[in-house]
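Since the model is a prediction, treat every value here as computed from it, not as a measurement.
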Amino acid sequence: GLHSREDFQRIPELAINPLGDRIINAFFPEGEDQVNFRGFMRTLAHFRPIEDNEKSKDQNGPEPLNSRSNKLHFAFRLYDLDKDDKISRDELLQVLRMMVGVNISDEQLGSIADRTIQEADQDGDSAISFAEFVKVLEKVDVEQKMSIRFLH
């Protein structure tokens with residue numbers, strides 16, 4: 001009835017994904033090494049596609065886990081390594097290193113991180129807040145890019 005981190009690490013697609021460890025960590029509550037079915041499904045629900053008929057559902061109900069906002073929060077947490085609600089240059093560099101490995105020099109990665117922070121940072125704190133993250137991704141089809149079709 002429970003899954004461990006090792007169970008997830010045996011999934012080939014996660015094992016080869018540069019952000020696999022970050023994605024796996026998203027399934028586990030803070031300090032926990034196992035996840036039950038409910039927690040597993042709750043995290044997986046972020047990747048459920050948004051169907052056209054769901055867009056017109058009751059606006060007074062709770063926001064679904066697969067809404068644009070919740071998908072963006074999930075993605076933001078992959079970058080916010082220290083969970084301080086900001087993506088610092090160092091955090092961005094760590095995630096970039098995970099994604100590209102040793103294929104790009106530290107100098108090039110630093111340049112990419114600096115340029116990203118410069119373009120996204122609107123309040124001048126040298127970090128990216130969630131609001132700034134949302135602004136940068138406003139034209140990106142997050143609903144489609146963060147969707148997995150499981151059964152069709």
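Considering all non-hydrogen atoms of both residues, Ala127 and Asp121 come closest at O-OD1, 3.3 Å. Ile87 and Tyr79 make their closest contact through CD1-CB, 3.4 Å (heavy atoms, listed as atom of the first residue, atom of the second, distance). Nearest heavy-atom pair across Phe27 and Val35 is O-CG2, 3.3 Å. The shortest heavy-atom contact between Pro29 and Gln34 is CD-O, 4.4 Å. Taking both residues in full, the closest heavy atoms of Leu96 and Leu109 are given as CB-CD2, 3.8 Å, listed atom of the first, atom of the second, then distance. Counting all heavy atoms, side chain and backbone alike, Leu72 lies closest to Val142 at CD2-CG2, 3.7 Å.
Asp90 places no side-chain N or O within donor-acceptor distance of the main-chain N or O of Gln94, the cut-off being under 3.5 Å. The backbone N or O of Phe40 sits nowhere less than 3.5 Å from a side-chain atom of Thr43 that would complete a donor-acceptor pair. Judged by distance alone, with hydrogens and angles left aside, the side-chain atoms of Arg22 form a donor-acceptor pair with the main-chain N or O of Arg77 at under 3.5 Å. Between the side chain of Asn66 and the main chain of His46, no donor-acceptor pair closer than 3.5 Å is present.
Between Asp125 and Lys86 there is a salt bridge, with a side-chain nitrogen of the basic residue lying less than 4.0 Å from a carboxylate oxygen of the acidic one. Using a cutoff of 4.0 Å between basic side-chain nitrogens and carboxylate oxygens, Lys135 and Glu132 are not scored as salt-bridged. Between Arg5 and Asp21 there is no salt bridge, since no side-chain nitrogen of the basic residue lies less than 4.0 Å from a carboxylate oxygen of the acidic one.
More than 12 heavy atoms of other residues, nucleotides or ligands lie within 6.0 Å of CZ in Phe28, so this atom counts as buried by the packing criterion.
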Given Leu78 and Val95, is the side chain to side chain contact (heavy atoms under 4.5 Å, CB included) satisfied, shown in steps?
-> CA-CA 8 Å; Leu78 293 179; Val95 174; over 6 Å; no

Side chain to side chain contact (heavy atoms under 4.5 Å, CB included) between Val140 and Lys145: does it pass, once the steps are laid out?
-> CA-CA 8 Å; Val140 175; Lys145 292 189 182 305; 3.9 Å; yes

Hey, mind stepping through Leu44 and Leu65 against side chain to side chain contact (heavy atoms under 4.5 Å, CB included) and telling me if it holds?
-> CA-CA 9 Å; Leu44 207 54; Leu65 291 170; over 6 Å; no

Could you go step by step and tell me if Glu91 and Asp82 meet the side chain to side chain contact (heavy atoms under 4.5 Å, CB included) rule?
-> CA-CA 8 Å; Glu91 288 171 318; Asp82 64 6; 2.6 Å; yes

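When hydrophobic clusters are built by joining Ile, Leu, Val, Met, Phe, Trp and Tyr residues whose side-chain heavy atoms come closer than 4.5 Å, directly or via intermediates, Val134 is grouped together with Leu92. By the rule that hydrophobic residues join a cluster once side-chain heavy atoms approach within less than 4.5 Å of another member, Phe37 and Ile11 end up as members of one cluster.
Results of the salt bridge (Lys or Arg N to Asp or Glu O under 4.0 Å) test with Arg68 over Glu138, Glu143, Glu63 single out Glu143 as the only residue that passes.
Distance CG/Leu93 to CG/Leu81: 11.0 Å, rounded to 0.5 Å. Within the model, atoms CG of Asn103 and CD of Gln108 stand 10.5 Å from one another, a figure rounded to the nearest 0.5 Å. Here the straight-line distance linking atom OG of Ser126 with atom CD1 of Ile117 works out to 7.5 Å at 0.5 Å rounding. One finds the CD atom of Glu6 at 9.5 Å from the CD1 atom of Ile24 (value rounded to the nearest 0.5 Å). For the atom pair CZ of Phe47 and CE of Met146, the computed distance is 4.5 Å after rounding to the nearest 0.5 Å. Of the inter-residue distances, the one linking Ser69 atom OG with Phe130 atom CZ reads 5.0 Å to the nearest 0.5 angstrom.
Side-chain contact of Ser105 with Glu107: a donor-acceptor pair under 3.5 Å is absent, judged by distance alone.
Between His3 and Phe8, the two ring planes are perpendicular [angle over 60°; tilted spans 30° to 60°].
Using a 4.5 Å cut-off on side-chain heavy atoms (C-beta onward), Ser147 and Lys71 make contact.
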